[in-house]
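First the structure, in the form of structure tokens, and then the observations on it.
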Amino acid sequence: MNIMNVDYDGLIPNNVNLNGDPRVKAALEKWHPGYLDWWNDMGPDGFQESLVYLRTAVSVDPKGWAKFDYVKMPDYKWGILLAPQGEDRKIPFGAHAGEKAWQEVPGEYRAMLRRLIVIQGDTEPASVEQQRFLGKTAPSLYDMRNLFQVNVEEGRHLWAMVYLLQKYFGTDGREEAEALLQRRSGDEDTPRMLGAFNEETPDWLSFFMFTFFTDRDGKMQLEALAQSGFDPLSRTTRFMLTEEAHHMFVGETGVGRTIERTCQEMQKAGIEDPNDIEAVRKLGVIDLPTLQKKANLHYSLTLDLFGNEISTNAASAFHAGIKGRYREDKLDDDHKLESSTYPVTRLKDGKIVVEDVPALSALNLRLRDDYVADCQGGVSRWNKVLEKYNIAFQLKLPHVAFHRHIGEFKEVEADIDGNIVSGDAWEKKKDSYLPSTSDRDFIESLMKTEVEPGKFASWIAPPKVGIDNKPGDFEYVKIA
Ligand code: BYC
């Protein structure tokens, strides 16, 4: 078998030699119709018959892994693709550091591994569910195609986790794979597992913020799992990361293009005060303070996805060699962390303080810190657009204590600068920190679909280059 190239002949494209593994092949083929039912019920509403110009992974060689073509989404080739197996890979961290990486699930860590795989798997279909109505308000065919690309790839990421469950976890793996198709984002009785995946994605600015902030949590968590001593998980997540990069590109450039259009229109109209919201909105673009509020919302919801700052679960997963740190293989220390400490921003006697705690217990926070730095890079790039147009406004990430529901700050209210405030004070100022009903109504009023090739809705600038270098007026979606 050539691990680089994918076997496309069967029902399920793969590079894991499914033909040589009849038990897993049969289990996946049994799961497949339920997946398609889920996709048809919960995938992009109203576009299942349209031809979409999508990339499909045909190889796991990073230099040329995808091909582009028109495809109806239900016919997309959702495959099982693992990055190539490294020769003689060793467990990079934890109590087993330096031992041979596991090719089978180590018995004592079975429950922990299954839980991490299920949580990761649960987020993938959840995001498709959250985004299912957005096609109808796409600001262009280019954006519509990007949305659908993200959606089919999240579907593929679900397949990736389901493969691990079916292959390595027997009966309970099969049950978990079924349950992944049963839960629904936002459902009162059977919600998705993590908070941010039960929120709505009601408009395109939310979608871009979600792909910037929340997909970036995906990147960080996948990076941490890519270090895993359980080699099949490492190889699966390494390939997922190749696809994930495009999702964050969609978010970063989507918000960037929104900012660009706002700046262009402000300049044309001679509006210098970015806080003159009414005047800016009259131009049919999204004012900068509202963009900041949307960022505040998505950033704070996403910080919750990192779990508690101080976590014995995270310590156990690291010690076991199951979930590492961001770029563990590039870090220069003992990779065991048994005697080091890490500074944690905590709440002590009603005050925010920084305290050194044992590094093993602070691994969720450490990953979150790497995430914050990564976000800051993108925000700085957005601010460059504002500088280019000489607009006196800078976007910024709110304090980590702001609007939190998990972790150290869940019991208190803090403003965007990290001042602890009373519940009353918070209520009074809430609408200046987070999108208010009228902000949402305004954004919604702009969400008019634009389906003429090469045309864009009023509030967003065109991209600098097309997907797959296609020209500006390329018909990315042939709407049925
Ligand atoms: N909501 O010890 P703690 C993506 C629970 S995004 C609800 O701090 P731990 C994507 C926790 O389960 C990436 N509950 O937890 C993006 C635990 O409950 P139990 C998804 C929460 O385990 C866009 C208890 O609180 N992947 O891929 O250290 C589009 C104690 O917590 C939450 C992963 O997350 C929450 N936010 O850390 C598509 C990777 N936080 O078990 C896709 C896998 C905590 O005691 N997951 N709890 O009843 C993990 O690594 C960890 O489970 C977590 C939490 C980081 C989520």
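Ligands are counted one by one from 1 in listed order, and the atoms in each one are counted from 1 as well.
- Evaluation of the side chain to side chain contact (heavy atoms under 4.5 Å, CB included) rule for K348 yields R346, V353, E355 as partners, not counting sequence neighbours.
- At a heavy-atom cutoff of 4.0 Å, ligand 1 is surrounded by R115, L116, I119, Q120, T123, E124, S127, E154, M193, L194, G195, F197, F210, T214, D215, D217, G218, Q221, D304, L305, F306, G307, N308, S311, N313, A314, K323, N364, I406.
- In this structure, K67 does not pair ionically with D468, as no charged nitrogen and carboxylate oxygen lie closer than 4.0 Å.
- For the pair L113 and P106, the minimum side-chain heavy-atom distance is below 4.5 Å.
- The aromatic ring centroids of F230 and Y109 lie 6.0 Å or more from each other.
- For an aromatic pair to be called close, the ring centres must be under 6.0 Å apart, and H32 with W39 fails this.
- Under a 4.0 Å N-O distance rule, the pair R327/D370 does not qualify as a salt bridge.
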